[in-house]
Amino acid sequence: MTESAPPRISDLARSHGPGGVPAGTPDYLKGLNPEQREAVETTEGPVLVLAGAGTGKTRVLTTRLAHILASGRAKPWELLAVTFTNKAAREMRERITHLIGPSAEGLRWLGTFHSVAAQILRRHAELVGLKSTFTILDTDDQERVCKQLLEAANLDTKRWTPRSLSGIIDHWKNRGWTPEKLPNTEDFANGKGQTLYAAYQARLASLNACDFGDLLLHNLTILSQHADIAEEYRRRFRYILVDEYQDTNVAQYLWLRLLTSSTGNVCCVGDDDQSIYGWRGAEVDNILRFERDFPGAKVIRLERNYRSTHHILGAASGLISANRGRLGKTLWTEDNSGDKVRVRGVWDGEAEARLIADEIETARRQGIGYKDMAVLVRASFQMRAFEERFVMLAVPYTVIGGPRFFERAEIRDAHAYLRLILSEDDDLAFERIVNVPKRGLGDTSVQKVLQIARETGVPAMTAVRDLITSDELQARTRTAFANFIRDIDRWRQFAQTSSHWELTETVLEESGYTDMQKADRATGQTRLDNLKELVQSMQAFDGLTAYLEHVSLVMDLDRGESADSVQVMTLHGAKGLEFPLVFLPGWEEGVFPSQRSIDEKGEKGLEEERRLAYVGVTRGKEDVRISFAANRQVYGRWQSQLPSRFVDELPIDHVEAQSDTGYYGASGGMREAKSRWDEMPSFGSGYSSPGWKRGQAFAANRVPNAQPARQTLLEGDGRLVASGDPKAGSGWTKGDRVFHQKFGYGQVRAIEGNKLVVAFDKAGEKKVIDTFVEKT
DNA sequence: ACATAATGGATTTTT
DNA sequence: TCCATTATGT
């Protein structure tokens, strides 16, 4: 981030008097505004820094750490500094190194929540039934385990998908619930929730593995059950710093509380208006109640924005003011330049892509670099239209995010080989590659092995070793297994005498994996390239173990500097970034705000969407251009779209409405804009913004024949009746997936008292009494 | 055991 | 629409 002039404090010693004691004002404090400086210098006691977008948050964070170190208040290893992303941790480390020099390397406890928790867990693993060599599973492994458990429990994996089980377990862990502490309001698959969760944990223990949620959850168990250990850490961490506090979940919150000593030198930095990870368990509440949690806490607001023009700031502030339950900040700037935020309506998604691509070219000709422009979308499916257009016009672009390197199948396969070579009992790795490439081992023979392994309580490899000495298998299968074992053993030998990347090359070659990819015309070459890149990146690590630990926690490759290209990414991915020129397409009801967010989380979901819009607008430094289309192809079907309610919420003084097609006639500013949808019938609600009314009309329009969906209407006080809440209305919501004994699976199209109109996948549309179906 | 047809599902994303 | 996973056939 570059919120303000970069600090020039390459030599701290210069600001020190004799004996290393700072004399006068140290250089690194100069150039901070009064609030920033207060946030840096208030080192003792709990501090909450509410740092609005573009107010110099990262600078404050790093300067604060440097200040604590430079003033001799603590040694590097006595600081605990946690972030959410590896990127943020990396950036913080770099900037502190810049401030205080190489002694920043002593910051052992600067990292993500998960990496710090992993460090702690490795030291005390045995207290939660793990060996310190435990492996960290990724989501794919988790779902695999879940699938096996669901199958073992004879549950229909169509109705109760591995994904949803893994998801709910993760959710429980985020809330800090172990199986024993799971509240009985929580469940999965009709009363089997707790049992499945406990079985999942048992299985992980037998694999000597834990998932991401466990890193924190096991920490909670250790720290709350062993007072002496907790005390040791509390003494060690004399100062605690937390970045992006608005995104902490319950488990992380509890973890911090356990590590905070009575001196309470804890500084949390965040912005409640930028909390956009609620769907991942983040609790905005944590930041909202900071002052109650830490009595006597000092709250410092950073409100001076160094990033955006006053129009951009005005537009963003007006938008976010529609949210309730904010701590409230008023961003201001001395800037007085710049254009109003432009809002345009276009005919369809293709026209939108054309418009934006053209404007990118125009901006380019005016001297703005491609890399200074960004297209920020709500969801990745929106990216395609832009990519197609950019390719056609040869506009260089980079998609940020997307499928991640270490999650690609070929990379995971390579890792599975390495894991199995490293530890014989990694059953998940075994399963993954035992027949990849094809070795003539069928599903039945592999399942047989796994079943025997589970029954006798040994690793799959051991079971195979036993089986090939018996005559329980067909000769062909037996040979295939024997060869596989022989190969693994040979590679394990090889690993003793060679480097881990040579091992990887050898394994990929000798296993036939590269040959398999060469035979694949479609994707083979890309995959081989990825594997080459993998071998390359492995060389930066000391050994296999260190490498695997790194990838399981970091999950992404630190790619080199990007070329001069337009940055295309989701709004989530854009958090923390800034660009001179920002395009925000797809501001349409259902797309943004996303229909699903509203359906699933009601008013809360809507507010989070609005925060996302706020994040989007505040990414822009000089120019922000919002657009919406009247028609859009969604999953191959054409849908007519309504402008987002967020468009109407933009304050008129800071926006300039332009009409591409004349279709919207939005000449007099957005609020006065007459669009053809203003004439459409809307259903009564306590909320009267035109955008909202149009949204209602839109929602009802999407499902012809449906009655006004009672469950999605607003109460008189403007609160959404929570969908899915049994206490609210009939407890059914249009769109719910249901299961019926006779008709099978279907989707609720309308609710009429205790009767539901359900479109069954197989049996067609039927009217059924609601007690005969259950939610899936 | 493998190739092909049918089915169903589809945000946001970090660790 | 389009992708991935599953059912089906040889």
Side-chain angles (χ1 to χ4, degrees), chain A residues 82-89 111-118 136-139 142-143 147 157-159 161-164 167 170 173-174 210-217 244 247-249 251-252 276-282 376-385 400-404 406-407 409 435 438-446 474 476-477 480 549-556 569-576 586 590-601 605 608-609 611-613 615-616 632-639 737 744-747 761-762 776:
Chain A
V82 282
T83 63
F84 272 82
T85 64
N86 289 297
K87 194 176 151 212
T112 63
F113 275 98
H114 290 89
S115 68
V116 172
I136 301 166
L137 302 187
D138 60 24
T139 43
Q142 288 172 47
E143 282 171 24
K147 185 160 184 228
T157 52
K158 284 267 163 52
R159 262 187 85 191
T161 61
R163 209 175 165 192
S164 57
D170 198 53
K173 289 181 175 177
N174 286 161
C210 72
D211 60 25
F212 272 106
D214 280 336
L215 292 174
L216 280 151
L217 196 64
E244 306 279 18
D247 286 335
T248 49
N249 61 37
Q252 288 160 335
I276 55 174
Y277 285 106
W279 49 275
R280 220 169 66 188
L376 310 181
V377 297
R378 174 62 183 85
S380 28
F381 72 81
Q382 295 172 259
M383 292 179 182
R384 222 182 76 185
I400 310 286
R404 283 176 307 157
F406 290 119
E407 276 169 7
N435 198 31
K438 300 253 183 313
R439 296 188 171 84
L441 291 164
D443 212 34
T444 37
S445 18
V446 174
Q474 287 198 326
R476 251 201 326 206
T477 317
E549 171 81 359
H550 180 263
V551 298
S552 58
L553 283 170
V554 172
M555 292 305 284
D556 215 348
M569 64 187 94
T570 63
L571 288 160
H572 284 91
K575 189 160 157 208
V591 174
F592 189 37
S594 134
Q595 191 60 49
R596 233 174 115 168
S597 285
I598 296 175
D599 288 348
E600 284 171 10
K601 315 221 34 208
E608 184 155 314
E609 294 286 306
R611 290 193 291 267
L612 203 46
V615 167
R632 193 175 289 279
Q633 225 173 355
V634 182
Y635 299 137
R637 305 199 85 84
W638 280 99
Q639 281 189 354
R737 291 292 297 174
Y745 302 101
Q747 187 174 36
D761 300 350
K762 302 248 166 53
T776 62

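Protein chains get the first letters and strands the later ones, always in sequence-line order, with residue 1 at the start of each.
Rounding to whole angstrom units, NZ of residue Lys147(A) and C1' of dA4(C) are separated by 12 Å. One interatomic measurement links the two molecules: CD1 of Ile400(A) to P of dT12(B), which rounds to 16 Å at whole-angstrom precision. Between Leu216(A) atom CG and dT14(B) atom C1' there is a gap of 12 Å when expressed in whole angstrom units. Gln382(A) places its CD atom 14 Å from the C1' atom of dA10(B), with the value rounded to the nearest Å. Taking atom CD of Gln595(A) as the reference point, atom P of dT12(B) lies 16 Å away to the nearest angstrom. Atom CZ in Arg163(A) sits roughly 7 Å away from atom P in dT11(B) (whole-Å rounding). Put simply, CG on Leu553(A) is 17 Å from C1' on dT13(B), counting in whole angstrom units. For the pair Trp638(A) CH2 and dT1(C) C1', the interatomic distance rounds to 12 Å; values are reported in whole Å.
Within the 4.0 Å cut-off from OP1 or OP2 of dT11(B), at least one side-chain nitrogen or oxygen of Tyr635(A) is found. A close approach under 4.0 Å does occur between a side-chain nitrogen or oxygen of Asn86(A) and OP1 or OP2 of dT15(B). OP1 and OP2 of dT11(B) both lie 4.0 Å or more from every side-chain N or O belonging to Thr570(A).
Considering only the side chain of Arg596(A), dT11(B) comes nearest among dT11(B), dT15(B), dT13(B). For Glu609(A), counting side-chain heavy atoms from C-beta on, the closest listed nucleotide (dT11(B), dC2(C), dT6(C)) is dT11(B). You'll find that the side chain of Arg280(A) is closest to dT13(B), out of dT11(B), dT15(B), dT13(B). Checking dT13(B), dT11(B), dC2(C) against the side-chain heavy atoms of Arg384(A) singles out dC2(C) as nearest. For Ala379(A), the listed nucleotide lying nearest its side chain is dT11(B); candidates were dT13(B), dT11(B), dT15(B).
Nucleic acid contact class of Ser594(A) (heavy atoms, under 4.0 Å, all strands): base. Contact annotation for Ser552(A): no contact, since no heavy-atom pair falls under 4.0 Å across all strands. Within 4.0 Å (heavy atoms only), Phe84(A) reaches sugar-phosphate atoms of the nucleic acid but no base atom.
Look at Phe113(A) and the base of dT15(B); the rings do not stack under the cut-offs of 5.5 Å between centres and 30° between planes.
For the side chain to side chain contact (heavy atoms under 4.5 Å, CB included) with Thr83(A), the qualifying choice from Val116(A), Asp247(A), Thr112(A) is Thr112(A), the only one to do so.
Between Tyr635(A) and Phe381(A), the ring planes lie tilted relative to each other; the angle falls in the 30° to 60° range. In this structure, His114(A) and Phe212(A) have perpendicular ring planes: the angle between them is above 60°, well past the 30° mark.
Place Asn435(A) and Glu407(A) on DNA chain B by their nearest nucleotides, and Asn435(A) ends up nearer the 5' end. Nearest-nucleotide positions on DNA chain B for Arg439(A) and Gly213(A) put Arg439(A) closer to the 5' end.
Checking side-chain atoms of Glu608(A) against main-chain N and O of Gly278(A) turns up a donor-acceptor pair under 3.5 Å. Within the 3.5 Å criterion, the main-chain N or O of Asn249(A) finds a donor-acceptor partner in the side chain of Gln252(A).
Proximity of Lys575(A) to Tyr277(A): side-chain heavy atoms (C-beta onward) are separated by under 4.5 Å at one or more points.
The base of dT11(B) does not come close enough to the side chain of Arg378(A) for any donor and acceptor atom to sit less than 3.5 Å apart.
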